[in-house]
Structures are given as C-alpha cells and as structure tokens.
2 protein chains.
Amino acid sequence: MGRGKIVIRRIDNSTSRQVTFCKRRSGLLKKAKELAILCDAEIALVIFSSTGRLYDFASSSVKSIIDRYNRTKEEHHQVLNATSVKVCSFLMQHRLH
Amino acid sequence: MGRGKIVIRRIDNSTSRQVTFCKRRSGLLKKAKELAILCDAEIALVIFSSTGRLYDFASSSVKSIIDRYNRTKEEHHQVLNATSVKVCSFLMQHRLH
DNA sequence: TCAGCTATTTATAATAT
DNA sequence: TATATTATAAATAGCTG
C-alpha cells in the first residue's frame with residue numbers, strides 16, 4: 001500500500017526503518033482494536049521496537065490474556081499428553097501380545 | 001476496505017461476525033509478521049475468538065516476549081516509584097519548612 | 001530529521017457461486 | 001456453510017517542503 005511495492009525483509013536504512021515502524025505499528029494497533037470490537041475477541045499485542053521501546057494493546061489487560069494463554073497452552077499439553085499415553089499403551093500392548 | 005464502509009462496533013449477526021473474524025484475524029497476523037521482519041521488532045500477538053479458540057504469533061516465542069514484557073513493566077514501576085519518592089520528599093520538605 | 005501528501009498497493013465488505 | 005470474486009475503503013511507500 002504505497003507508491004511502490006516492497007519485499008518483506010529487514011529494512012537496511014535505519015531512518016526509513018524507523019519511519020516504517022512508526023506507521024505500521026500504529027496501523028497494527030488500530031487493526032487489533034478493531035478486530036477485538038467487531039468480533040468480540042480477546043486480544044493482546046506486545047511490540048518491542050529494535051531500540052527496546054515497548055508498545056502494547058490489550059482488549060482487557062495484557063496480564064489477564066497472558067494468564068488465559070498460559071492456561072490454554074497447559075490444557076493443550078494435557079490433551080497431547082493424554083493422547084500420547086493412549087498411543088503408547090496401544091503400541092505396547094501390540095508389541096507384548 | 002470493502003464494498004461498503006463499516007462502523008467499528010460488535011457485529012450482531014453471528015455468521016458475518018465469524019466470517020469477518022476469520023478474514024481480519026489472518027490480516028492482523030500477516031501484518032504482525034511483516035512488521036517484525038521489516039523493522040526488526042519483537043512482537044507477540046495473542047487472539048482468543050469469542051468461542052475461546054486461540055490463535056497466536058510471536059517473532060521469537062510468546063513466552064520469551066511475555067517475560068520481557070513483565071521485566072519491562074517492572075522497570076517502569078521502579079522508575080515511577082523512584083519518581084514518586086522524590087516528589088513526596090520534595091512536598092514534605094516544603095510543608096515542613 | 002519530521003510532519004503532511006497522494007499514487008499505489010493491500011485488505012476486505014458485500015456478493016456470487 | 002465454505003470458498004472465490006470484485007468493487008471499494010483503508011493503509012502506506014516514497015515524495016515534498
């Protein structure tokens with residue numbers, strides 16, 4: 001979306017990298033907000049610039065979304081583990097008989 | 001960006017909310033990736049759909065970015081606290097004299 | 001550097017299949 | 001209900017003062 005097409009690779013020139021960062025960061029934050037509102041989604045977005053500055057957005061709070069993220073990931077692990085156990089016992093039974 | 005202009009408010013119709021969620025989610029994830037690459041930024045994006053499904057992107061890993069986020073926030077608190085202490089002592093001195 | 005401008009590209013809302 | 005199309009809105013790359 002601009003005067004020219006660009007390829008997605010690190011921008012070498014540090015000035016234009018900074019300008020692009022500023023423009024696209026605000027675009028990304030805006031779109032995150034819009035998605036959260038339009039679709040009733042819970043969204044957390046954390047951005048560190050290459051100079052270490054922090055920018056963030058969260059539809060509720062970053063902390064609560066991170067907590068939910070961790071809980072969800074744990075559940076996934078449990079599901080995966082439960083499946084693994086089943087697969088393992090299946091394999092073992094068929095080896096042993 | 002579409003056949004018509006829309007206002008940013010929760011989409012009532014659940015079917016079109018789902019369709020919009022799907023389209024905009026993929027757009028948001030794409031733009032997060034682009035920003036990370038173009039500008040050498042560290043980005044974490046966590047999205048929970050209204051039905052509780054999790055989608056995420058992280059330029060490195062969500063966990064490491066969350067850790068960095070927490071560390072950065074702690075530093076901010078320390079800075080704020082240090083400032084508060086100074087302001088308080090200034091105010092107290094000027095009250096006491 | 002640094003904030004506008006606009007020609008283009010890109011994203012997507014509505015529609016069609 | 002899911003996928004593809006297309007007209008249009010929105011984002012933004014490079015420019016300009």
Side-chain angles (χ1 to χ4, degrees), chain A residues 1-62 65-66 68-69 72 75-76 79 83, chain B residues 1-62 65 68-69 72 75-76 79:
Chain A
M1 316 91 112
R3 293 293 180 86
K5 191 171 180 160
I6 58 158
V7 288
I8 303 302
R9 65 184 298 284
R10 195 189 121 100
I11 297 168
D12 286 326
N13 183 282
S14 92
T15 304
S16 42
R17 190 169 64 242
Q18 170 57 30
V19 171
T20 295
F21 177 74
C22 183
K23 289 178 176 179
R24 280 182 172 252
R25 167 172 49 80
S26 83
L28 188 65
L29 287 166
K30 184 182 176 192
K31 282 194 170 285
K33 284 171 203 164
E34 291 183 353
L35 181 58
I37 294 170
L38 287 170
C39 303
D40 205 19
E42 199 166 17
I43 298 180
L45 175 58
V46 174
I47 304 171
F48 285 99
S49 73
S50 57
T51 59
R53 206 187 295 268
L54 170 66
Y55 304 87
D56 64 352
F57 162 75
S59 52
S60 47
S61 83
V62 173
I65 295 172
I66 287 172
R68 185 175 176 187
Y69 175 84
T72 306
E75 283 165 22
H76 282 180
V79 170
T83 306
Chain B
M1 316 90 109
R3 293 292 181 85
K5 193 171 178 160
I6 58 159
V7 290
I8 303 302
R9 65 185 300 282
R10 195 189 120 102
I11 297 168
D12 285 327
N13 182 283
S14 92
T15 303
S16 43
R17 189 169 65 242
Q18 169 57 30
V19 171
T20 295
F21 177 73
C22 183
K23 290 178 178 180
R24 281 181 171 253
R25 167 173 48 80
S26 82
L28 188 66
L29 287 167
K30 184 182 176 191
K31 281 192 170 290
K33 285 170 204 168
E34 291 183 350
L35 180 58
I37 294 170
L38 287 169
C39 303
D40 206 19
E42 199 166 17
I43 300 180
L45 174 59
V46 174
I47 305 171
F48 284 98
S49 73
S50 57
T51 59
R53 205 189 296 267
L54 169 65
Y55 304 87
D56 64 352
F57 162 75
S59 52
S60 47
S61 83
V62 173
I65 295 171
R68 185 174 177 188
Y69 175 83
T72 305
E75 283 166 22
H76 281 180
V79 170

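This structure is a prediction, so every number in the text was calculated from the model and none was measured.
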R3(B) has its side chain closest, among dT12(D), dA7(D), dC5(C), to dA7(D)
Any idea which of dA7(D), dA13(D), dA10(D) is nearest the M1(B) side chain?
->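 The closest nucleotide is dA10(D).
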For atom CZ of R10(A), decide whether the heavy atoms of other residues, nucleotides or ligands shown that lie under 6.0 angstrom number more than 12.
->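 Result for CZ/R10(A): enclosed.
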What is the distance from [atom1] of [X] to [atom2] of [N], rounded to the nearest Å?
X: K31(A); N: dA11(C); atom1: NZ; atom2: C1'; answer: 6 Å
X: K33(B); N: dA11(C); atom1: NZ; atom2: P; answer: 12 Å
X: E34(A); N: dT10(C); atom1: CD; atom2: C1'; answer: 15 Å
X: L29(A); N: dA11(D); atom1: CG; atom2: P; answer: 12 Å
X: R24(B); N: dA9(D); atom1: CZ; atom2: C1'; answer: 10 Å
X: K5(B); N: dA11(C); atom1: NZ; atom2: C1'; answer: 16 Å
X: I8(B); N: dA11(D); atom1: CD1; atom2: C1'; answer: 14 Å
X: I6(B); N: dT15(C); atom1: CD1; atom2: P; answer: 14 Å

Mate of dT12(D) where both pairing distances stay under 3.5 Å, Watson-Crick or G-U | dA7(C)
How far does CZ of R25(B) sit from CD of Q18(B), to the nearest 0.5 angstrom?
->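 Reported value, rounded in 0.5 Å steps: 7.5 Å.
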Say you draw a straight line from CD1 of I6(B) to CG of L38(A); how long is it, rounded to the nearest 0.5 Å?
->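 Interatomic distance, I6(B) CD1 to L38(A) CG, rounded to 0.5 Å: 5.0 Å.
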Is any N or O donor-acceptor pair between the side chain of K23(A) and the base of dA13(D) shorter than 3.5 Å?
->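 Checked by distance alone, the answer is yes.
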Mapping S26(A) and Q18(B) to their closest nucleotides on DNA chain D, which lands nearer the 5' end?
-> Q18(B)
DNA chain D nearest-nucleotide lookup for T15(B) and L38(B): closer to the 5′ end is T15(B)
Do K31(B) and L35(B) touch side chain to side chain, with heavy atoms closer than 4.5 Å?
->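 No. Closest side-chain heavy atoms not under 4.5 Å.
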Hey, does S16(A) reach any base, or is it just sugar-phosphate, or nothing, if we go heavy atoms under 4.0 Å?
->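 No contact.
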Apply the side-chain contact (heavy atoms from CB on, under 4.5 Å) test between F57(A) and each candidate in V46(A), L29(A), I47(A); give the one that qualifies.
->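 Per the side-chain contact (heavy atoms from CB on, under 4.5 Å) rule, the option paired with F57(A) is L29(A), out of V46(A), L29(A), I47(A).
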Do the side-chain N or O atoms of T20(A) get closer than 4.0 angstrom to the phosphate oxygens (OP1, OP2) of dA13(D)?
->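 Checking dA13(D) against T20(A), a side-chain N or O does come within under 4.0 Å of OP1 or OP2.
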